[in-house]
Amino acid sequence: MKGPLIGIDLGTTNSLIAVWRAGDEGDDDKPCAELIPNSAGQVLTPSAVSIDDDGDVLIGDAAAQRRVGHADVTCTEFKRDMGSTRIYRLGSRSFTPEQLSALILTSLKKDAEVFLGEAVTHAVISVPAYFNDTQRNATIAAARLAELHVTRLVNEPTAAAIAYGLAIDGENDGPSSTLVFDLGGGTFDISVVEQFDGVIEIKASTGDNYLGGEDFTQAIAMALALKLDIPEAQWAILDPGERAHFISAAERLKHALSDTNKAEARVQYQNETHEFTFTEKDFEKAVEPLLERIRRPVKMALRDARLEPEKLDNIVLVGGSTRMPIARKLVARLFGRFPETNVDPDKAIALGAATQAALLARDVTLDEVLLTDVSPFTLGVAISNYNSTGQLVQGVFSPIIERNTIIPASREASYTTVEDNQSEIELEVFQGEHRFVRDNVKLGEISVPIPKKAARKVAIVVRFSYDASGMLEVDVAVDGSEDHVTLTLLGNAARLDEAELAERKAELLKLKIHPRDDLPNRAVMERADRLYAELKGSNREQIGEAMNDFAAVLESQDTDRIQQERIQFETWLNGVESRL
Ligand code: AMP
């Protein structure tokens, strides 16, 4: 790997970038991963993109603040659509989820370059363990659009386990098993990790790609809507701006309920302000189906790792949503004890990714550590077979690499033809745990020419090779022949060919990105603007005046003064927001 050893947590809600510091030998400056701050001095950069009236692209907090007031030109949570064909329209412009992620990566890369004073060209990027091949490819495409070479994709819970594993290194004698419970903004991952003598072995990894803190927010927002007699069907067709008011009230409630068991919420709907009291019990009721969805992968991971809950030595919480007491209580109920709290749930993944970058570069200080990971899902092909009554059953899933196999892995399986005189075999590749392929995720297909013969007289050998980044290569050969057909799962939406990549990159280069140094000022103004829209009367007037004052300070172009006044303005806004 060239340049600094970088790890990136490209999150649904927030993204972080970290660097591995080799440290100075012989003194207290130990080698470790370190988080890099953005231009506002924060290590968490919201994964948000917005376009302002001048056509400037805002990234990070300045964009996140516009989520409610400028919902039509702002987007968040696009990680959930990575690898899909969804197009996001922001005003007159359109973006793919990869392009939006590329903008976040570009911003993080710039922050790191300013911080380190050197170019950042390579990075280890974390992805949810449950990201499929298409989503992993989309992440690599996003990095390429941001001119970053992905040295390795690392599974998020694995990265967290690395950070945690190294954090407790030396404190624990003998082997230990840890369960990493990672509930982020948009995904839920669970991993069982075993550590012994510098070996970190991921025993099992499962999860749910569509379950995270944002679903909890949605559930609360819908519960608030129900209190106003807005049924589910109507909720779905609410104007995005109106819905955004519910969502931001729900988000505030959710955070408040992490610190207290009862909170007040205010929602603007049809030109009226509605006030509610929301209790812990209301919260529990609203999110009960989500808690149920958490239980299943937990059980599956433990079963795959052949572990009883009581045999676990540590339970580690990762991801912002594990701050919810309801999530902690669920963990305590599932495992009969309280989890560890000495690893910051927001930071572990980025720190682990940077450590993984150092492991890959074989940094001398990490020579003793070895890491193995697993495939979080089963990979296989669609086949047809005859049942006991002689009927041909189509679309049956035939697994080749089973879930939780140690990676890199390579496995092969043989199949024969079912019809006479077939001239080709259309091999479809799937990922999932269901018996029929229609219930699994299709990853791609490959057409293999075969000699025409009677049914069952031609055999093909299918080899699946799954690399350490979780990317699959499929190699098919007709038994006894030298000819191979290889598929690196091309042809899906996320796999951009070079021409497409160049085109998408050119589109990004045409954008006018708001100057990095001004982003913190812009973020505070956007936040004030959001509060202005939410408030009324004298409160609103005060905010208007404060905005005018800060705008005048900005005109002065005196950077020291601007910074000082910005900090004061932010502190004042914190006070206003805490009283909402
Ligand atoms: P991550 O993707 O790990 O950054 O997690 C982001 C998610 O954590 C979002 O859904 C946030 O709403 C949620 N979150 C962060 N802090 C809290 C908190 N104090 N209470 C409840 N949820 C939180």
Side-chain angles (χ1 to χ4, degrees), residues 7-18 35 38 42-48 60-61 64-65 67-68 76-80 82 101 104 108 125-131 139 155-160 163-164 180-191 207-221 244 246-263 265 278 280 282-284 286-287 290-291 294 316-331 341 343-353 574 577-578:
I8 296 178
D9 170 4
L10 186 59
T12 311
T13 320
N14 292 301
S15 296
L16 300 91
I17 185 163
L35 291 166
N38 59 24
Q42 306 294 330
V43 294
L44 257 66
T45 297
S47 306
D61 194 27
Q65 296 294 347
R67 202 156 83 144
V68 176
T76 55
E77 294 174 44
F78 35 86
K79 177 173 174 180
R80 289 184 162 198
M82 286 293 269
S101 297
I104 304 294
L108 296 173
I125 300 184
S126 62
V127 287
Y130 232 62
F131 249 23
T139 307
N155 291 333
E156 286 168 7
T158 305
Y164 184 76
V180 183
F181 183 100
D182 176 2
L183 190 61
T187 52
F188 172 51
D189 279 327
I190 194 110
S191 287
D208 186 333
N209 247 342
Y210 298 95
L211 177 62
E214 310 306 328
D215 298 291
F216 285 74
T217 306
Q218 280 277 345
I220 299 173
F246 282 92
I247 303 263
S248 67
E251 180 74 11
R252 264 203 298 270
L253 262 182
K254 186 178 81 171
H255 281 247
L257 288 170
S258 288
D259 299 324
T260 140
N261 52 16
K262 193 163 134 193
F278 211 74
E280 211 179 354
D282 293 326
F283 186 25
E284 275 175 28
V287 304
L290 300 175
L291 298 181
I294 289 181
V316 185
L317 301 183
V318 185
S321 301
T322 57
R323 292 222 159 82
M324 296 186 296
I326 207 169
R328 289 169 183 250
K329 268 202 238 161
L330 177 69
V331 170
T341 44
V343 177
D344 188 323
D346 290 324
K347 299 175 182 159
I349 295 174
L351 293 172
N574 287 346
E577 192 140 27
S578 70

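As the structure lists them, so they are numbered: ligands from 1, and atoms in each ligand from 1.
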Could you tell me which non-hydrogen atom of [X] sits nearest to which non-hydrogen atom of [Y], and how far apart they are?
| X | Y | value |
| --- | --- | --- |
| Ser321 | Gly213 | OG-CA, 3.1 Å |
| Pro325 | Ser258 | CD-CA, 3.4 Å |
| Val318 | Ala160 | CG2-CB, 3.5 Å |

(request) Determine the sole option in Thr76, Ile104, Asp61 for which the side-chain contact (heavy atoms from CB on, under 4.5 Å) test with Pro46 is passed. (result)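 Single side-chain contact (heavy atoms from CB on, under 4.5 Å) partner of Pro46 among Thr76, Ile104, Asp61: Asp61.
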(message) Any nitrogen or oxygen of Gly184 lying under 3.5 Å from a nitrogen or oxygen in ligand 1? Just yes or no.
(response)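 It does not: no N or O of Gly184 is found under 3.5 Å from an N or O of ligand 1.
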(message) Regarding ligand 1, does Ser321 bring an N or O atom to under 3.5 Å of one of the ligand's N or O atoms?
(response)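 Yes; at least one N/O pair falls below 3.5 Å.
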(request) Would you indicate which of Met324, Lys347, Glu251, Lys79 comes nearest to atom 12 (O) of ligand 1 when only heavy atoms are counted? (result)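 When every heavy atom of Met324, Lys347, Glu251, Lys79 is considered, Glu251 comes closest to atom 12 (O) of ligand 1.
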(request) Would you indicate which of Ser47, Gly11, Gly320 comes nearest to atom 23 (C) of ligand 1 when only heavy atoms are counted? (result)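 That would be Gly320.
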(message) Checking Ser15 against Ser47: is there a side-chain donor and acceptor pair closer than 3.5 Å?
(response)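 There is such a pair (donor and acceptor under 3.5 Å, judged by atom type) between the side chains of Ser47 and Ser15.
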For [atom], grab the closest protein heavy atom and report residue, atom and distance to one decimal in Å.
| atom | value |
| --- | --- |
| atom 17 (C) of ligand 1 | His255 CE1, 3.3 Å |
| atom 22 (N) of ligand 1 | Lys254 CE, 3.6 Å |
| atom 20 (N) of ligand 1 | Ser258 OG, 2.6 Å |
| atom 10 (O) of ligand 1 | Glu214 OE2, 3.0 Å |
| atom 4 (O) of ligand 1 | Asn14 ND2, 3.6 Å |
| atom 6 (C) of ligand 1 | Thr13 OG1, 3.3 Å |

(request) Would you indicate whether the side-chain heavy atoms of Leu183 and Met324 approach each other to under 4.5 Å? (result)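 When only atoms from C-beta onward are counted, Leu183 and Met324 do touch, with a gap below 4.5 Å.
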(request) Look at Lys79 together with Glu214 and state whether they make a salt bridge at an N to O cut-off of under 4.0 Å. (result)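 Salt bridge: no.
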